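Computed from a prediction, not measured in an experiment: that's the story for all the values here. Atoms within a ligand are numbered from 1 in the order they appear, just like the ligands themselves.
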Amino acid sequence: MAGIPANLQAVHASIVAAARSAGRDPAGIRLLAVSKTFGPEAVLEAAAAGQAAFGENYLQEALDKMAAVAACRPALALEWHFIGPIQSNKTRPIAAHFDWIHSVDREKVAQRLSQQRPDGMPALNVCLQVNISGEASKSGVAPEEAPALARAVSMLPRLRLRGLMAIPEPAADPASQREPFARLRRLYESLRAEGLALDTLSMGMSADLAAAIAEGSTMVRIGTAIFGHRYYGQ
Ligand SMILES: *Cc1c(COP(=O)(O)O)cnc(C)c1O
C-alpha cells in the first residue's frame, strides 16, 4: 500500500466521487479514521496530513495511544470516537476520554455515561448502534426498539444524541450493500420527523463506503483503506 497521506487522499477522492454520483455535497460527509491496532505513530502521521478525527474499538489500547500521542504532540487537538462494544464496567474511562461514542445500544450504558461524563467537559456525542442486519452475534439495539432508546437517551443531561450507527453484514453486490443502509436512513428520518435533533448517520467502512454515501451517510468510518490491513495477536 502507499503511505498514510496518499491513502487519505485516495479516500477523500472516493468520498467526493461517491457524493457526486449520489448528487450530494461532499462537505456533508465526515471522515473518521479508524486507527485500531495501529500505533501512535500512525495517528501522528495521519494527523500531520490533516486528519483530526480518530476511531478506536478497544479501550485500553485507545487510552495508551491517546497518552502517547499527547506526550509527543501536547498541542495537537484530536477528536476521539469510541466505536467498539461497550462493557458497562468500562463506561467511566470512556466518558472521560472520548468526544463521541457510536456504539450505545442500551439505556443502562447511556445512563452511566451521562452520570460519569466529567463536569466541565461538553456533552458527550452519542450515536445509537442499530443491529440493522438482525444478526444474533452482532451488538446493537433492534431496529424496532431504537425509537424508545433514542427518546430515553435524548433526555440524559450529559449526552447529546447525534444519530445512528450500523455495521451491516457483508453483501455480495452493490444493490444488496445499499439495502441495510437504506433501512438505517429510514429509521433516522423517522426519528427526525418525531422531533429528535439528529444530524449524524455513521455508516460505511472501507468496503462499502460508496453504498453508504449513496444512502445518506454523514460519517464514514475507514480503517483499512487508510492504515492498511490489521494483524491481530502480534
Ligand atoms: C474496524 C471498524 C471500522 C473500519 O473498518 P475497515 O473495514 O477497516 O474500514 C469501522 N467501524 C467499526 C465499528 C469498526 O470496528
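Ranked by closest heavy atom to atom 12 (C) of ligand 1, the top entry among Ile226, Ile83, Asp208 is Ile83. Distances from atom 2 (C) of ligand 1 to the heavy atoms of Lys36, Gln129, Arg230 put Lys36 nearest.
Ser206 OG, 2.5 Å is the protein heavy atom nearest to atom 9 (O) of ligand 1. Nearest protein neighbour of atom 8 (O) of ligand 1, counting heavy atoms only, is Thr224 OG1, 2.5 Å. Nearest non-hydrogen protein atom to atom 13 (C) of ligand 1 is Ile167 CD1, 3.5 Å. Taking atom 11 (N) of ligand 1 as the reference point, the nearest protein heavy-atom neighbour is Arg221 NE, 2.9 Å.
Contact check on Glu56 versus Lys65 returns a salt bridge, with a Lys/Arg side-chain nitrogen under 4.0 Å from an Asp/Glu carboxylate oxygen. Remark: Glu194 engages Arg151 in a salt bridge, criterion side-chain N to carboxylate O under 4.0 Å. For the pair Glu79 and Arg30, the salt-bridge criterion is met [side-chain N within less than 4.0 Å of a carboxylate O].
Side-chain rings of Phe54 and Trp80 approach one another, their centers coming within less than 6.0 Å.
Close contacts of ligand 1 with Gly223, meaning ligand atoms under 4.0 Å from a residue heavy atom, involve 4 (C), 6 (P), 8 (O), 9 (O). Interface atoms of ligand 1 facing Ile222, defined by a heavy-atom separation under 4.0 Å, are 9 (O).
Each of Ile83, Ile222, Thr224 was evaluated against Val34; a single residue qualifies, Ile83, per the side chain to side chain contact (heavy atoms under 4.5 Å, CB included) test.
Judged by distance alone, the side chains of Asp173 and Gln177 never bring a donor and an acceptor atom under 3.5 Å apart. For the residue pair Ser202 and His102, a side-chain donor N or O sits within less than 3.5 Å of a side-chain acceptor on the partner.
Taking any N or O of Met205, backbone or side chain, none lies under 3.5 Å from an N or O belonging to ligand 1.
Contacts with ligand 1 closer than 4.0 Å are made by side-chain heavy atoms of Asn57 only, the backbone lying farther away.
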